[in-house]
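Inspection log for the structure reproduced underneath, given as structure tokens.
So you know, we letter chains A, B, ... as the sequences are listed, proteins then strands, and number each from 1.
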Number of protein chains: 2
Amino acid sequence: MNELHVLTTGEAARYCGVNFRTVIRWIERGQLKAYKLPGRGDHRICVEDFVGFLQDNAMPVPTELAAASRKVLVLAQRPELIATGRQALQQGGFEVEVAGNSFVAGTMLAAAKPALLVIDAGLEQANAFAIIDHLRSRGEFANVRVLVVTEAGDNDSQRWLEGGADAVIQGPADRAELVAKVKLLLDM
Amino acid sequence: MNELHVLTTGEAARYCGVNFRTVIRWIERGQLKAYKLPGRGDHRICVEDFVGFLQDNAMPVPTELAAASRKVLVLAQRPELIATGRQALQQGGFEVEVAGNSFVAGTMLAAAKPALLVIDAGLEQANAFAIIDHLRSRGEFANVRVLVVTEAGDNDSQRWLEGGADAVIQGPADRAELVAKVKLLLDM
DNA sequence: TGAATTGTTGACAGGTAAGACAGGTTTAAT
DNA sequence: ATTAAACCTGTCTTACCTGTCAACAATTCA
């Protein structure tokens, strides 16, 4: 069972340094999404919605709530890229999941909702464009960043960027470069 | 093996981000339907009652609890199979979604939680086994039925059944046969 | 048999809703 | 620049819902 984390109005208020009464007003005005408990009508706010609200209003996001935005999914089959990616990104402070094929990647993307997808263009080359295209055409995944790691010798980064990728690394990936790019893409 | 038909108060509480004591109070007040076990008087909540309760109160329904017994996902690239499948199954009373590649199928499977996956073995042959294997190895998807539609001339149904498929149709699929098989697999 | 786990019950402290009111800030008009 | 209006936010109060804690019972497992 996945722990769906929710906040009360008081918790949300403390996170952004205002009175809980103000948070209730944000909810009543429809600016912040929330649902009500049947008892007295207590409000509960999904962390996901709260983080989105903070970002929309350029408010600082508390690190303990930003865990979801530090989640990275790696779609790769080259063993060296899988090993490099997992180790480097975990050491860089990211939560890393690895998928070995595009079907598994799809299930993980929908279930774990990572903020970034690293695609190994080496063996998924034929599918990579279709994947990026699907992400870009669905509002649900529109804010998932995409980082493509090309095959050695593939210098045509422009092709990927035009296809919808947010950044490209020419493989085989350098650990430092990979972490740096990911941090850049996630604003960290 | 985890039959998700009933919930304990603790499970229900975690699902809606509330203390178990509160769930018991909802039950005592008659807002949430439940029954008691003879021993200690433990409460048990039917999933459908719980989902109805969540919907009545505009609370988010966890995807894994969403009733999806009539939802079918078709993973196919052959146009004739897509057309046949969609029309026949919709006329048969099923809610049909179509994915054109395995990544999209993965996202839809995790998001829409269909009860049945129809796989076109024609063009996803290489991946089909990996997909079925992944479904069967993950408890989360263990109760998703799998129906494989083979290529014309492929008579080796046994291979698919051993690989984890619940049923096989030798393609190209006959409309009536397809609907009949799906109804059979979903106990309808 | 006894320990561990899980769920119930009761009592109590604490938190939250809702309305009303006062103070501060922004916006617009003079 | 000054004023007034409009709006947002914080504080206060009352009522009652919710979380926490302790003790206990049923079930499971070794």
Side-chain angles (χ1 to χ4, degrees), chain A residues 1-68, chain B residues 1-67 138-140 142-143:
Chain A
M1 180 186 316
N2 54 346
E3 278 286 338
L4 131 89
H5 195 205
V6 293
L7 303 174
T8 64
T9 52
E11 289 168 343
R14 258 167 270 135
Y15 272 125
C16 40
V18 297
N19 192 280
F20 76 91
R21 205 74 190 76
T22 300
V23 174
I24 293 174
R25 288 175 182 129
W26 290 341
I27 294 170
E28 286 172 345
R29 256 180 263 149
Q31 298 170 316
L32 174 58
K33 191 180 158 197
Y35 62 91
K36 289 190 169 205
L37 298 187
R40 179 181 37 187
D42 288 27
H43 299 284
R44 287 296 126 96
I45 307 157
C46 294
V47 169
E48 205 174 311
D49 295 326
F50 185 59
V51 171
F53 171 80
L54 293 178
Q55 288 170 343
D56 288 346
N57 293 280
M59 296 164 77
V61 179
T63 52
E64 63 262 41
L65 298 186
Chain B
M1 214 55 2
N2 46 352
E3 297 273 345
L4 279 178
H5 285 69
V6 294
L7 301 173
T8 64
T9 52
E11 289 168 344
R14 263 165 303 194
Y15 271 125
C16 40
V18 132
N19 192 279
F20 74 92
R21 203 73 187 78
T22 300
V23 173
I24 293 176
R25 288 177 183 128
W26 291 342
I27 294 171
E28 288 171 347
R29 259 183 257 147
Q31 297 171 314
L32 173 58
K33 191 179 158 195
Y35 60 90
K36 287 193 168 205
L37 299 185
R40 180 177 40 184
D42 289 26
H43 299 285
R44 286 297 127 93
I45 307 158
C46 293
V47 168
E48 55 185 277
D49 292 330
F50 185 59
V51 171
F53 170 79
L54 293 178
Q55 288 170 343
D56 288 345
N57 291 282
M59 295 164 76
V61 180
T63 53
E64 62 254 53
L65 296 186
R138 287 297 195 89
E140 185 187 356
N143 46 9

Subject >> Rounded distance in Å - CH2 (A:W26) to P (D:dC7) >> reply: 19 Å
Subject >> Phosphate-side-chain proximity, A:T8 and C:dT16, N/O vs OP1/OP2 below 4.0 Å >> reply: yes
Subject >> Heavy-atom donor-acceptor pair, B:R40 side-chain to C:dT6 base, under 3.5 Å >> reply: yes
Original post:
D:dT20 P sits how many Å from B:R21 CZ, rounded?
Top reply: 13 Å
**OP:** Measure from CG on B:N19 to P on C:dC12 and round the result to the nearest Å.
**Re:** 18 Å
Subject >> Distance-minimising heavy-atom pair for B:I45 and B:K33 >> reply: CG2-O, 3.7 Å
Subject >> Heavy-atom check, side chain of A:F53 versus side chain of A:C16, under 4.5 Å >> reply: no
Subject >> Nearest-Å distance for atom pair CD/C1', residues A:Q31 and D:dC8 >> reply: 10 Å
**OP:** Without swapping roles, check the side chain of B:N57 against the backbone of B:M59 for a donor-acceptor pair under 3.5 Å.
**Re:** no
Original post:
Whole Å only: how far is the OH atom of A:Y35 from the P atom of C:dT16?
Top reply: 14 Å
**OP:** Please state how far atom CD1 in A:I24 lies from atom P in D:dG10, giving the value in whole angstrom units.
**Re:** 12 Å
Original post:
Of the non-hydrogen atoms in A:T9 and A:V23, which two are nearest, and what is the gap between them?
Top reply: O-CG2, 4.0 Å
Original post:
How close or far is atom P of C:dA17 from atom NE2 of A:H43, stated in whole angstroms?
Top reply: 5 Å
Original post:
What's the closest nucleotide to the A:D42 side chain, out of C:dG7, D:dT18, C:dT9?
Top reply: D:dT18
**OP:** Report the residue (A:F20 or B:E28) whose heavy-atom-nearest nucleotide on DNA chain C is the more 5′ of the two.
**Re:** B:E28
**OP:** Please check the phosphate of C:dG15 (OP1 and OP2 only) for any side-chain N or O of A:T9 closer than 4.0 Å.
**Re:** no
Original post:
In this structure, are over 12 heavy atoms from other groups packed under 6.0 Å from B:E48 atom CD?
Top reply: no
Original post:
Pick the nucleotide of DNA chain C nearest each of A:R25 and A:G10; which residue has the one closer to the 5' end?
Top reply: A:G10
**OP:** Output yes when at least one side-chain N/O atom of A:K36 is less than 4.0 Å from OP1 or OP2 of D:dT18, else no.
**Re:** no
**OP:** Please state how far atom CG in A:L37 lies from atom P in D:dG19, giving the value in whole angstrom units.
**Re:** 7 Å
